[in-house]
Amino acid sequence: MASERFAVTAGPGPEPGAVVVSLTGELDHDTADTLRHALEERTGAVRILVDCEKLSFCDSTGLNVLLRARLRALEEGGRLELAGLRPPVSRMFEITGARTVFRVYENVAEALTDRRAGG
């Protein structure tokens with residue numbers, strides 16, 4: 001799914017039931033529905049890894065979409081994790097305290113090799 005300022009792509013993760021969702025551009029009030037719909041399509045995934053390496057901006061609307069998707073994943077016995085937070089996006093997560101809620105990896109490669117990821 002894509003707009004001019006924001007795109008979401010998804011592919012299978014390294015283990016059964018896992019998916020990697022990659023974000024590109026600016027996640028804000030105008031583009032959050034694109035992410036919301038993409039995450040809703042992944043309902044039931046055991047592990048959703050959100051790759052934020054190409055995400056240049058995230059406002060409170062985008063943050064709320066991620067927080068709600070994380071709660072939904074937990075309710076379904078899964079998890080939602082983040083990788084590759086760039087400084088402007090990372091700062092938003094730090095200021096709001098949301099960084100402590102998510103398991104955050106430096107990059108997708110680190111996340112995919114994390115042996116703790118199973119729990």
Side-chain angles (χ1 to χ4, degrees):
M1 290 184 218
S3 73
E4 288 184 29
R5 292 188 306 115
F6 181 71
V8 177
T9 56
E15 66 258 6
V19 64
V20 177
V21 176
S22 300
L23 311 182
T24 303
E26 299 176 3
L27 177 56
D28 58 25
H29 175 76
D30 294 330
T31 61
D33 278 341
T34 301
L35 177 58
R36 182 178 298 113
H37 295 305
L39 292 173
E40 286 172 356
E41 290 175 6
R42 271 76 197 166
T43 298
V46 173
R47 181 184 191 197
I48 301 171
L49 177 60
V50 180
D51 178 5
C52 300
E53 188 174 341
K54 295 180 182 175
L55 186 65
S56 59
F57 177 80
C58 179
D59 73 359
S60 61
T61 306
L63 176 60
N64 281 322
V65 168
L66 290 167
L67 288 167
R68 286 187 191 112
R70 178 188 166 275
L71 288 176
R72 187 171 50 254
L74 288 173
E75 289 170 358
E76 297 171 354
R79 62 197 183 283
L80 186 142
E81 304 164 330
L82 306 175
L85 294 179
R86 294 170 54 191
V89 176
S90 182
R91 181 81 174 126
M92 164 66 131
F93 279 73
E94 289 169 13
I95 289 170
T96 61
R99 190 174 174 104
T100 62
V101 172
F102 292 95
R103 184 175 288 173
V104 179
Y105 297 93
E106 283 297 314
N107 53 52
V108 171
E110 177 186 298
L112 296 179
T113 59
D114 183 5
R115 299 293 179 220
R116 299 173 305 142

(message) Any heavy-atom pair between the side chains of Arg72 and Leu39 that's under 4.5 Å?
(response) yes
(request) Using modelled atom types only, decide if a donor and an acceptor are shared between the side chain of Glu26 and the backbone of Phe57 within a distance under 3.5 Å. (result) no
(message) Under the side-chain contact (heavy atoms from CB on, under 4.5 Å) test against Phe6, which residue among Asp30, Leu23, Thr24 passes?
(response) Leu23
(message) So, taking the atom named CG in Leu82 and the one named SG in Cys58, what distance separates them when rounded to the nearest 0.5 Å?
(response) 9.0 Å
(message) Taking side chain to side chain contact (heavy atoms under 4.5 Å, CB included) as the definition, give me every residue that meets it alongside Val46, ordered by chain and number, with sequence neighbours left out.
(response) Arg79
(message) Working to the nearest 0.5 angstrom, can you tell me the gap between Leu55 CG and Leu66 CG?
(response) 8.5 Å
(request) Measure the spacing between CZ of Arg70 and CD of Glu75 and express it to the nearest 0.5 Å. (result) 10.5 Å
(request) Please assess Val21 against Leu80 for the test side chain to side chain contact (heavy atoms under 4.5 Å, CB included), listing each intermediate value before the final yes or no. (result) CA-CA 10 Å; Val21 176; Leu80 186 142; over 6 Å; no
(message) Distance check, rounded to the nearest 0.5 Å: Leu112 atom CG versus Arg47 atom CZ?
(response) 6.0 Å
(message) Just to verify, what does Glu106 make a side chain to side chain contact (heavy atoms under 4.5 Å, CB included) with, not counting sequence neighbours?
(response) Glu110
For residues 83-93, please give each side-chain donor-acceptor pair under 3.5 Å, one per line with the distance, not counting sequence neighbours.
unit_1, atom_1, unit_2, atom_2, d
Ser90, OG, Glu94, OE2, 3.2
Ser90, OG, Arg99, NH1, 2.9

(request) Please round to the nearest 0.5 Å and tell me the distance separating atom CD of Glu81 and atom OH of Tyr105. (result) 4.0 Å
(message) Restricting to salt bridge (charged side-chain N to carboxylate O under 4.0 Å, His left out), what partner residues turn up for Asp28, sequence neighbours left out?
(response) Arg5
(request) Quick one: pull up OG in Ser22 and CG in Leu49 and give me the separation to the nearest 0.5 Å. (result) 8.0 Å
(request) Using the side-chain hydrogen bond (donor to acceptor under 3.5 Å, both in side chains) rule, collect all pairs that involve residues 52-69, keeping only residues at least two apart or in two chains. (result) none
